[in-house]
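Take a look at the structure set out below.
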Amino acid sequence: MRRASACLGQPSSAAVIANSRIAWFGRLGRIDAARKVFDEMPERTIVSWNSLIAAYFLNRQPKLACSLFERMPQRNTASYNAMISGYVKLGRLADAQAVFESTPDPNVVSWTSMLRGYVWAGAIDDAEALFRRMPEKNVISCTVMLAGLMQDGRIDDARQMFDEMPEKDVVARTSMITGYCQVGRTAEAREMFDEMPRRNVVSWTAMISGYTQNLQLDLARKLFEVMPEKNEVTWTAMLTGYTQAGRVEEAENLFKMMADKPVIACNAMIIGFGQKGMVTQAREVFDQMLGKDDGTWSSMVKVYEQNTFQLEALDIFRSMQMAKIFPTHPSIISILTVCAGLAIIDYGKQVHAVIIKLDIDSDVYVVSALITAYVKCGNLAKAKKVFDMFDGKDVGMWNSMITGYAQHGLGEEALKVYLDMKLMHMAPDEITYIGVLSACSYSGMVKEGKEIFKTMTTNSVVTPRAEHYACMVDMLGRAGNVDEAMDLIRNMPVEADAVVWGALLGACRIHKRLEIAEIAAKRLLQLEPWNSGPYVLLSNVYASSRRWEDVEKLRKSMSSRNVSKAPGCSWTEVDKFVHMFTGGDVLAHPEHEIIIGMLERLDGLLKEMGYCPDGSYVLHDVDEEQKAHDLRYHSERQAVAFGILKVPEGMPIRIMKNLRVCGDCHSAIKLIAKITGREIILRDANRFHHFKDGSCSCRDYW
DNA sequence: AGTAACACCC
């Protein structure tokens, strides 16, 4: 009788204290401590069970929460609600729905939790239907519905609902402010803000961050200065406003003034410095931080990656693992991008193992990044295997695979994937078409390409953009139909951009169409005066027609306009170690003696086969590589020599280069592949070249 | 004492 009264009547004060301890530990993430309190309680109440269920959900253990729910002697509506909201927060809408339907006496909290679930899932129609069926509504349920409407872009519907609400509190008003700001209507947000009878720090912060997101930084700063009380979030909002607008100095000033620097502000500072190329300062913030989170590590990885400190990016990722920080999605994606960028397949495989171990191999973004990494490492078979095994591919993942095949010149494979995609009733998007069209282009499938382009232009969902026309110009140009390509440009409904003209210029180089080349180059120089690409291409056109004076004129105008190319650099991975080569300095590598020996041997063999260097590529890369050209030691050639020395017989030699491969080296490497019987896979800035038996997969057109 | 809504980083 005593126990029953503990459950049904007034609980003892000891039980009340223990219950709040359970909730407290749950919120702190100390689920074991919460469980211990529960286990040691002499008398448990329904609230004890409810609190522990909520704690399990907070700590992402729905199974334990569920078994507790099934075992509890008595339930009330709050017990069901804890289950519903727990499932909703984990995104398990179907489970939430099942509990909701079995709730004997749902109250407004049950309905609101369910409503929140639909909104979270983006099922606004279902949310609205549920909302209409609700027997009782209050200001909270209305606010959830408001947020749903705004998330769906229906700000004016939200406003109407807001106006009809019998009671509006500070949360509902703040939610409207955020909604207005999200669609760029900061003036209306400000009106709402000014009319608020009561404001808290959150309302002020919402208004400030609304301004910063709409790049109205000075308005944000004014509010920031006059607001009565700020918290960490307010400071962080103002600071990230500055970093995102590229105003890193002002961000830094705020950062210095902050008493407690939250992780988020530090992370924003790291990214902000990184965007300005201030890698050292970013690293300083990183080193001074005590509580780094996954965002910190992935930000630092990203800073290194984006400032071409790829090896440092790898180092930091390694330190992260040494510090026993489990990488989560963002850092995994960043490091896969590094692997893809460097094309280091062994490292990529290790990351793949980590992905499987951490059980995140069902995340579509992570797996897409993995596929791209395998593609960029030249391992298409592995990419395809990962692709095939993945359930729930989104259009982005299909695009990764199609584009991957296209970049390797495997047009037919790309088309096969495209057909599979259509069989699966997955709708292609603009990127898909860029992938298949470029695949057709690389493989000379003009007829197929034209048909697909026709399908796309009649398909109302995707409107062709300049990129699609660029693919078509490229395709026609490669096939020798330069005039048809020119006609297409004249008649295209969108304005031709640099990519389109660049494709035309490339075709002119191969087919020696001087008059059209000049038209294209002139347009290109107008569109992108800073870009060295058109200079180089035009120079090659002139050179192939032996117009040396024009080559010289061009070189002069290039240096007077301060156009210069990034120094050429190639690298290869041997024994999980990345070896870099720059054009000018073969002596930089510790094993330069044997590399030079191999280069000289190859030169001899090439000469025996009657190979003579092609002078038309003189302007390919200026300065550093130009010097090296005379020595025939372009960076890609050094890397090939090193690969022949170090990569076991029978294994392909994989080389990466930051610029497009030099034409002379391209011819030479074809022969080197033949002489040595080696397969050489070279990834340049644009595409892949598979050299085998004296020929290249690009069919000498890239 | 437990169950539902608003703001900041990647």
Side-chain angles (χ1 to χ4, degrees), chain A residues 11-24 26-27 45-55 57 75-86 88-89 99 103 106-117 119 137-148 150 169-179 181 199-210 212-213 230-241 243-244 262-272 274 293-303 328-334:
Chain A
S12 68
S13 61
V16 170
I17 291 167
N19 290 345
S20 57
R21 277 164 59 79
I22 292 172
W24 173 252
R27 278 191 293 268
T45 66
I46 293 188
V47 175
S48 323
W49 292 82
N50 291 354
S51 304
L52 193 59
I53 287 172
F57 272 116
R75 298 172 185 152
N76 61 14
T77 303
S79 323
Y80 287 89
N81 293 349
M83 291 298 292
I84 297 168
S85 78
V88 162
K89 279 174 187 153
V99 178
T103 307
N107 62 15
V108 64
V109 176
S110 331
W111 284 88
T112 307
S113 300
M114 211 50 232
L115 185 68
R116 168 74 223 169
V119 168
K137 294 165 192 168
N138 61 17
V139 65
I140 296 179
S141 38
C142 288
T143 306
V144 173
M145 195 63 239
L146 265 189
M150 291 189 293
D169 66 4
V170 63
V171 176
R173 291 173 199 275
T174 307
S175 189
M176 279 308 299
I177 289 173
T178 307
C181 291
R199 300 184 194 101
N200 59 7
V201 186
V202 176
S203 333
W204 287 86
T205 307
M207 195 63 236
I208 287 174
S209 102
T212 64
Q213 277 157 25
K230 305 177 182 75
N231 64 14
E232 285 186 354
V233 180
T234 321
W235 282 85
T236 307
M238 196 62 235
L239 184 142
T240 56
T243 59
Q244 281 167 2
V263 185
I264 293 172
C266 297
N267 295 355
M269 241 13 259
I270 291 174
I271 291 290
D293 69 0
D294 184 65
T296 315
W297 292 91
S298 60
S299 301
M300 203 57 230
V301 171
K302 199 173 171 180
V303 167
T328 57
H329 301 188
S331 51
I332 288 277
I333 290 171
S334 290

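In the text below, chain A, chain B and the rest are named by the order of the sequence lines, each starting its count at 1. Model, not experiment: these values are computed from the prediction. FYI, side chains are in, hydrogens and waters are out, and symmetry mates aren't considered; it's all heavy atoms of this structure.
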field: Atom-to-atom span, CZ of A:Arg27 to C1' of B:dT3 - whole angstrom
entry: 12 Å
message: Strictly below 4.0 Å: does A:Ser85 bring a side-chain N or O up to OP1 or OP2 of B:dA4?
response: yes
query: Between atom CG in A:Asp293 and atom C1' in B:dC9, what is the gap in whole Å?
result: 8 Å
query: Between A:Ile53 (CD1) and B:dA4 (P), how many Å, whole number?
result: 13 Å
- prompt: What's the shortest heavy-atom distance between A:Ala172 and A:Leu146, and which atoms?
  reply: O-CD1, 4.2 Å
task: Could you state the atom-to-atom distance from CD1 of A:Ile264 to P of B:dC9 in whole Å?
output: 7 Å
- line: Sorted by chain and number, sequence neighbours left out, side chain to side chain donor-acceptor pair (under 3.5 Å) with A:Ser48 holds for A:Asn19, A:Thr45
message: With hydrogens left out and only the distance checked, is there a donor-acceptor pair under 3.5 Å joining A:Asn76's side chain and the base of B:dG2?
response: yes
All N/O pairs under 3.5 Å across the protein-nucleotides 5-7 of chain B interface:
unit_1, atom_1, unit_2, atom_2, d
B:dA5, N1, A:Asp169, OD2, 2.9

query: So which nucleotide from B:dG2, B:dC10, B:dT3 ends up closest to the side chain of A:Ser51?
result: B:dG2
- prompt: Do we see a donor-acceptor contact under 3.5 Å between the side chains of A:Asn50 and A:Asn81?
  reply: no
query: Please give, in whole Å, the distance from B:dA1 C1' to A:Ile22 CD1?
result: 9 Å
field: A:Ser141: partners by side chain to side chain donor-acceptor pair (under 3.5 Å), with sequence neighbours left out
entry: A:Asn138
task: Rounded off to whole Å, could you give me the OH-to-C1' distance for the A:Tyr80 and B:dT3 pair?
output: 14 Å
- prompt: Taking atom types as modelled, is there a side-chain donor on A:Asp294 or A:Thr328 under 3.5 Å from an acceptor on the other?
  reply: yes
Euclidean distance, atom CG of residue A:Asn138 to atom P of B:dT3 [Å, nearest integer]: 16 Å
